[in-house]
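A quick write-up on the structure given underneath.
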Amino acid sequence: MQDFQKNSNIFNLLSEGVSEGIIVVNSEQKIVATNSSSEQMFGYMKDELIGKPLDILIPKRYHSGHDAHVDKFIAKSGKRQMGHGRNLYGICKNGKEFPVEAGLNPFEFYGSTYVMALVIDITERKSREEELSHWARIFDESLNEIYIFDAETFKFLNVNKEAQRNIGYSMDEMTSMTPVDIKPDIDDLYFKELIAPLINSDTGKVKFETTHARKDGSTYPVEVHLQLSNLGENRVCVAFILDITERRDYTENLENIVEERTHQLTEALAVEKELNELKTRFLSLVSHEFKTPLSSILTSITLLGKYTETDQQPKRDKHVTTIKNKVKYLDTILNDFLSVERLESGKVNYKIEEFPLSKTVNEVVYNCNMLLKSGQKIHYPENIDEVNIRFDEKTLELALSNLIHNAIKYSPEDSTIDIIVEIRDKDYAIKVIDEGIGIPEEEQKHIFNRYFRAENALLTQGTGIGLNIAKQHIENLGGSLEFSSTEKKGSTFILYLPKLNTN
Ligand code: ADP
């Protein structure tokens, strides 16, 4: 120790210029020299450490291990860094511990062995490292995907575990890729445009939704949050990615439910509206359509009471016919209304059976005869005597009488109504052709709408229901109802009845 102290001037000279702590121990691990950096580091006064065992600078729990370590080290006589792979700690005079890094240099001096320890207080570095590893853990363990790429070349620099897991590429593979390679909907140009606000302004963030394509080709919708950051000298973009598959599924589901409910509601409202409309129509029908026939029935009955003489029989007959016609008319519109109600509520029962076509046509024509205007004629089909058809007889009767009624109503006196039946391979075409007022072309598309009445028909009594229900019933049974018409020339309505199997 004395030998060493003899030459301490040289040591002092050399060691005071060094910012690391220098501690020299002899082979008994007694401190023989220190510099002021180490005294400050450990909180001792000048020379206070000389002659003390090295242990006073080392926390108790490391003592035995430390001795063995240094001994082994001295035996090996190699110059090396201490603390590799483990944490080294020093202890200050006041008991405060701090992390250190120490390099040991053994040397011989006047025949004795010494070790010079170069000690660095790494408290600050350690806490920086801990902080860094904390952030690195957050980065890697984040359940959101995080991608970091160069702001100039767009090449990926780092991609966290969750991103690698979901996208399916390894970090190695990703280093040669750019965000455009995993975004099938975005090309280079568009990507540059997207992040331009970020690159040019250096602040803020960019947010957009797009799709990511995995290595296996599958895709998933994502929300991208991009921010600019600095990594050393380089500007980098940090992308936080949210996989929005669930959110999108949820939203889509919700949208579907809303759409479905809206649809149901609209339908319910439409039915409600239709019913209301029906009620209103019915009321206005009762007040208008019923009033006229009822008052002419009343007039005829009043007059009937006055014609008491025998020779007034023709007059009586005329009024009885009027009454019959008006009652028939009222019966028809009531039946139409009942039919609408039945069609709406789905309570229609069809009865398919075989019957001679001529029977129905005859009956309908017979009933219509009393509505004919003066000079009007109906040409009856001649080719149906032998024809038996299978159909719902009531429906055919309803449809046919509607068509012939209309032909009579909307044609002038002295005109002809032709009924032609074509027997075809798969069906029968029953045509009712008139020479009447026709239907204006622009109104033809509405003619089967319920309550629709063409402008030129408004002076004639009617409800706008007949064609609508006839068409619905006929279609329910697999047939169809079509027409062609020229205003002021006439109309042709055609009933197509399918040939139903006879068995
Ligand atoms: P309505 O005759 O009671 O008004 P329809 O449903 O039978 O009701 O007919 C609807 C509309 O179609 C009529 O108001 C009329 O404008 C037009 N129409 C129907 N048949 C003819 C026809 N043979 N000639 C001209 N117009 C017709």
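These figures come from a predicted structure and were not determined experimentally. Note that ligands are numbered from 1 as they come in the structure, with each ligand's atoms numbered from 1 the same way.
- The I439 neighbourhood of ligand 1 comprises atoms 25 (C), 26 (N), 27 (C), with distances under 4.0 Å to a heavy atom of that residue.
- In this pair, H446 and F452 present their aromatic rings tilted. The plane angle is within the 30 to 60° band.
- Taking every non-hydrogen atom of A457 and a distance limit under 4.0 Å, the qualifying atoms of ligand 1 come out as 14 (O), 15 (C), 16 (O).
- Contacts between K409 and ligand 1, counted as non-hydrogen atom pairs separated by less than 4.0 Å, involve the side chain only.
- Counting all heavy atoms, side chain and backbone alike, D243 lies closest to R214 at OD2-NH2, 4.3 Å.
- Counting only heavy atoms of the protein, atom 16 (O) of ligand 1 lies nearest to A454 N, 2.9 Å.
- Listed by atom number, the atoms of ligand 1 under 4.0 Å from R453 heavy atoms are 1 (P), 4 (O), 14 (O), 16 (O).
- Against a heavy-atom cut-off of under 4.0 Å, I465 is close to the following atoms of ligand 1: 6 (O), 8 (O).
- Listed by number with element, the atoms of ligand 1 under 4.0 angstrom from any heavy atom of G462 are 1 (P), 3 (O), 4 (O).
- Looking at Q461 next to ligand 1, no N or O pair under 3.5 Å apart turns up.
- Heavy-atom minimum distance, D181 versus S176: OD2-O, 4.5 Å.
- Between E129 and K126 there is no salt bridge, since none of the side-chain N atoms of the basic residue sits less than 4.0 Å from a carboxylate O of the acidic one.
- For ligand 1, the polar-atom distance check against L467 finds a nitrogen or oxygen pair separated by under 3.5 Å.
- When non-hydrogen atoms are compared, ligand 1 lies under 4.0 Å from the side chain of D434 (C-beta onward) but not from its backbone.
- When heavy-atom distances to ligand 1 are checked against a 4.0 Å cut-off, F452 comes that close only through its backbone atoms N, CA, C and O.
- Where the criterion is an N or O separation shorter than 3.5 Å, residue side chain and backbone included, N402 fails it with respect to ligand 1.
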